[in-house]
Amino acid sequence: MWSQGTSGSGSLVLVAALFSALVLAPTLAIHVYTHREVHGTVGSQVTLACSFWSSEWISEDVSITWLFQPESGKDTISIFHFVKGQPYVDEVGAFKNRMEWVGDPHRKDGSIIIRNLDYTDNGTFTCDVKNPPDIGGKSSQVTLYVLEKVPTRYGVVLGAVIGGVLGLVILVVVIGYLIRYCWLRRQATLQRQLSAMEKGKLQRSAKDSSKRGRQPPVLYAMLDHSRSTKSASEKKSKGGLGESRKDKK
């Protein structure tokens, strides 16, 4: 009986322990994100962006660390720390006086800027973030390539994109201009045709009116002429009768 009671109580203790481990224990996982690679030119500056996600509220104990492994070396060195709300740059390394903190942990940003780039800056940079009690997870790495000028492939792609956009804009403008030119030319042709038609109608109407205006005077002249001829003949006949009467006397 006692052994059974002992085993039962042991099972309860084990269940309670598992419950505490699964429910009460915080989730130890943090996610860090960076670009896979960035490019810069000698003498310029570059931003090494780093963002993170934490399941916990950003605490005052959050810490951000940047590590650097040169391209030609195997050793990894620490070059930057953000601890207790203060940034600390390595005062003896190659990045002394060339690094600037531009991140903000409360915005989940741990980015830095490296100025006056040189070929010796080629290598892999690692961003690591801790936000106690959220301290698990993996860091993220970004590879920096310092070149004399921007890689040709990026310049070619950028030039092709810009050229394509400009070509499309020019094509649209030219097509719009041609359409407008053809429309205006057609309108001008129609206007000339209408003007010619109107002019022809006016000329024909003017001729008709002039013909109508000439006919009455001719008729009147003919009538006047016939009347004058008739009166002259009548006078002549009267004159002849008078003379004959005189002769008879």
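Values in this document were obtained by computation on a predicted structure and should not be read as measured data.
With hydrophobic clusters built from ILVMFWY side chains whose heavy atoms lie under 4.5 angstrom apart, I112 shares a cluster with V38. V102 is not connected to V129 by any chain of hydrophobic side-chain contacts under 4.5 Å among Ile, Leu, Val, Met, Phe, Trp and Tyr, and they are in different clusters. Cluster membership for V169 and Y177, using ILVMFWY side-chain heavy atoms within less than 4.5 angstrom, is not shared.
Side-chain contact between V32 and S139: absent, with no pair of heavy atoms (C-beta onward) separated by less than 4.5 Å. A 4.5 Å side-chain heavy-atom check between I114 and L48 finds at least one atom pair inside the cut-off. Side-chain contact between S63 and H81 is absent, with no heavy-atom pair separated by less than 4.5 Å. By the 4.5 Å heavy-atom criterion applied to side chains, C127 and V142 are not counted as neighbours. At least one side-chain heavy atom of F80 sits less than 4.5 Å from a side-chain heavy atom of M99. Inter-residue side-chain proximity for L144 and V46 is flagged as met; some heavy-atom pair is nearer than 4.5 Å. Contact annotation: the side chain of T124 never approaches that of F68 to less than 4.5 Å [non-hydrogen atoms, C-beta and beyond].
Distance OG1/T47 to CD1/I113: 4.0 Å, rounded to 0.5 Å. How far NE2 of H31 is from OG of S140: 12.0 Å, rounded to the nearest 0.5 Å. Between Y33 atom OH and R36 atom CZ the span is 15.5 Å, to the nearest 0.5 Å. For the atom pair L184 CG and R186 CZ, the distance stands at 12.5 Å (nearest 0.5 Å). The NZ atom of K130 sits 12.0 Å away from atom CZ of F52, with the distance rounded to the nearest 0.5 Å. Distance check, rounded to the nearest 0.5 Å: CG of N122 to OG1 of T143 gives 10.0 Å.
Defined by atom type and a distance below 3.5 Å, a donor-acceptor pair is missing between the side-chain atoms of D128 and T65.
The backbone N or O of S55 lies less than 3.5 Å from a partner atom in the side chain of D134, making a donor-acceptor pair. With hydrogens and angles disregarded, a donor-acceptor distance shorter than 3.5 Å links the side chain of T34 to the backbone of Q141. D109 places no side-chain N or O within 3.5 Å of a backbone atom of S51 that could act as its donor or acceptor partner. Remark: side-chain polar atoms of T189 are paired, donor with acceptor, to backbone N or O of R185 under 3.5 angstrom.
Taking each heavy atom of G40 and L117 in turn, the nearest pair found is CA-CD1, 3.9 Å. Taking every heavy atom of both residues into account, P87 and G85 meet most closely at CD-O, 4.3 Å. Among all heavy-atom pairs drawn from N131 and I58, the shortest one is OD1-CA, 3.7 Å. Taking each heavy atom of I64 and G110 in turn, the nearest pair found is CD1-CA, 3.8 Å. Residue S111 comes nearest to C50 through the heavy atom pair OG-N, 3.1 Å, listed as atom of the first residue, atom of the second, then distance. Here the closest non-hydrogen pair linking W53 and I30 is O-CG1, 3.2 Å.
Among W66, F82, Y88, the single residue meeting the ring-ring contact (aromatic ring centres under 6.0 Å, His included) criterion with W101 is F82.
Between R98 and D118 no salt bridge is recorded (no basic side-chain N to carboxylate O distance below 4.0 Å). Taking the charged nitrogens against the carboxylate oxygens, D61 and K84 do have a contact shorter than 4.0 Å, which makes a salt bridge.
The number of heavy-atom neighbours closer than 6.0 Å to CD of E60, taken from other residues, nucleotides and ligands shown, is 12 or below.
Centroid-to-centroid, the aromatic rings of F95 and F125 come within less than 6.0 Å.
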